[in-house]
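Atoms considered below: every heavy atom in the structure, side chains included; atoms not considered: hydrogens, waters and symmetry mates.
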Amino acid sequence: MTTTDTPRYAPEWLELREGADAAARAPELLEPLRARPAGGTVRVIHDLGCGTGSLGRWLAPRLDGPQEWVLHDHDPGLLELAAERAPRTAADGSPVTVRTRRGDLGSLTADDLAGASLVTASALLDVLTADEIEGLAAACAGAGCPVLLALSVAGRVELAPEDPLDAEIAEAFDAHQRRSGLLGPDAVAVASEAFARHGATVRTHASPWLLGPGESALAAEWLRGWVGAAVEHRPELEPRAERYLRRRLAECAAGGLRVVVHHDDLLALPRPVSPGPTGGVS
């Protein structure tokens with residue numbers, strides 16, 4: 001993925017969704033990552049497509065030991081925000097430091113990730129192609145580090161009360177996500193296969209947004225984007241979609257709409273290093 005092709009997200013949208021993201025993330029996948037590095041070793045964590053740094057704000061205080069976060073993004077404004085707002089202490093009070101790296105996430109190599117203890121990202125997989133995911137899996141396998149990829153769309157949405165147009169909007173939105181070779185809701189399955197091919201043990205866990213009256217502002221903004229993408233893919237939907245959006249926004253404003261937006265988190269653990277015949281490693 002080139003820098004010009006990478007979606008650019010407004011900080012306001014990223015901040016609006018941060019609470020729902022934090023509530024959705026799967027803490028169950030953190031257990032294999034919790035062991036404190038031996039001998040005071042600094043845990044080096046690469047956050048790909050860091051945005052405003054919300055994943056770091058959630059994860060750094062849940063891991064023990066000193067940490068160095070390497071924040072990757074193509075947007076210098078987001079990198080600056082993420083660095084400014086990064087946590088400064090780990091779960092046990094150890095220091096957390098931050099550095100930034102601007103560039104193209106689609107061209108990462110194992111050398112770029114050399115020394116990494118963990119590679120992580122949020123809401124990234126579904127805007128990649130199969131080739132880009134294969135490249136990411138290869139780079140992470142070459143670096144020999146675990147990978148935690150959170151909040152990839154799963155292609156399932158539930159709205160209550162139901163509306164006759166829900167399914168048609170959802171289908172058009174999913175098709176929009178698959179435009180130009182992007183994987184959209186197929187990303188987690190493709191990534192699971194790619195990391196497994198590179199020897200990793202892969203685990204996934206559901207991480208849905210649960211949006212009720214308390215999340216009405218996020219639900220309303222999500223609705224606008226969801227319907228807008230559907231209409232962009234199928235312009236003939238526009239007259240009906242406009243009426244649908246007005247109905248749904250009114251329900252949202254009245255506190256009568258509940259939305260479940262399904263996502264999945266993925267953890268890939270590298271193949272253990274095995275002893276060689278002379279007692280070394282191979």
Is [Y] paired with [X] through a side-chain N to carboxylate O contact shorter than 4.0 Å?
X      : Y      : answer
Arg43  : Glu68  : no
Arg240 : Glu168 : yes
Arg243 : Glu238 : no
Asp174 : Arg179 : no
Arg34  : Asp64  : no
Glu134 : Arg197 : yes
Asp163 : Arg247 : yes

### Task
State the OG1-CG distance between Thr204 and Leu266, to the nearest 0.5 angstrom.
6.5 Å

### Interatomic spacing from CG in Leu249 to CG in Leu257 - rounded to 0.5 Å
9.0 Å

## Note on the structure
Looking only at heavy atoms, the pair that brings Cys50 and Leu79 closest together is SG-CD2, 3.7 Å

### Message
How close do Ala26 and Ala206 get, counting heavy atoms only, and between which atoms?
### Response
CB-O, 4.2 Å

Can you confirm whether more than 12 heavy atoms, excluding those of [X], are under 6.0 Å from its [atom1] atom?
X      : atom1 : answer
Arg203 : CZ    : no
Glu162 : CD    : no
Glu171 : CD    : no

Assess, by modelled atom type and distance only, whether the side chains of [X] and [Y] contain a donor and an acceptor separated by less than 3.5 Å.
X      : Y      : result
Gln67  : Trp69  : yes
Arg271 : Thr201 : no
Asp265 : Ser207 : yes
Thr52  : Arg57  : yes

### Query
side-chain hydrogen bond (donor to acceptor under 3.5 Å, both in side chains) between Ser122 and Arg25: does it pass, once the steps are laid out?
CA-CA 9 Å; Ser122 185; Arg25 299 187 198 282; 3.0 Å; yes

Do [X] and [Y] make a side-chain contact, defined as non-hydrogen atoms from C-beta onward lying under 4.5 Å apart?
X      : Y      : value
Asp126 : Leu183 : no
Val70  : Asp47  : no
Arg248 : Pro161 : yes
Leu78  : Pro11  : yes
Trp226 : Leu159 : yes

### Task
Could you walk me through whether Gln177 and His233 pass the side-chain hydrogen bond (donor to acceptor under 3.5 Å, both in side chains) test, one step at a time?
CA-CA 9 Å; Gln177 285 239 298; His233 184 74; over 6 Å; no

Validation: residues 208-215 side-chain donor-acceptor distances under 3.5 Å, sequence neighbours left out:
unit_1: Trp209; atom_1: NE1; unit_2: Asp21; atom_2: OD1; d: 2.8
unit_1: Glu215; atom_1: OE1; unit_2: Gly212; atom_2: N; d: 2.7

### Message
Suppose clustering is done on Ile, Leu, Val, Met, Phe, Trp and Tyr with side-chain heavy atoms closer than 4.5 Å. Which residues sit in the same group as Val153?
### Response
none

Show me the donor-acceptor pairs within less than 3.5 Å that the side chains of residues 189-196 make with the rest of the protein, sequence neighbours left out.
unit_1: Ser192; atom_1: OG; unit_2: Val188; atom_2: O; d: 2.8

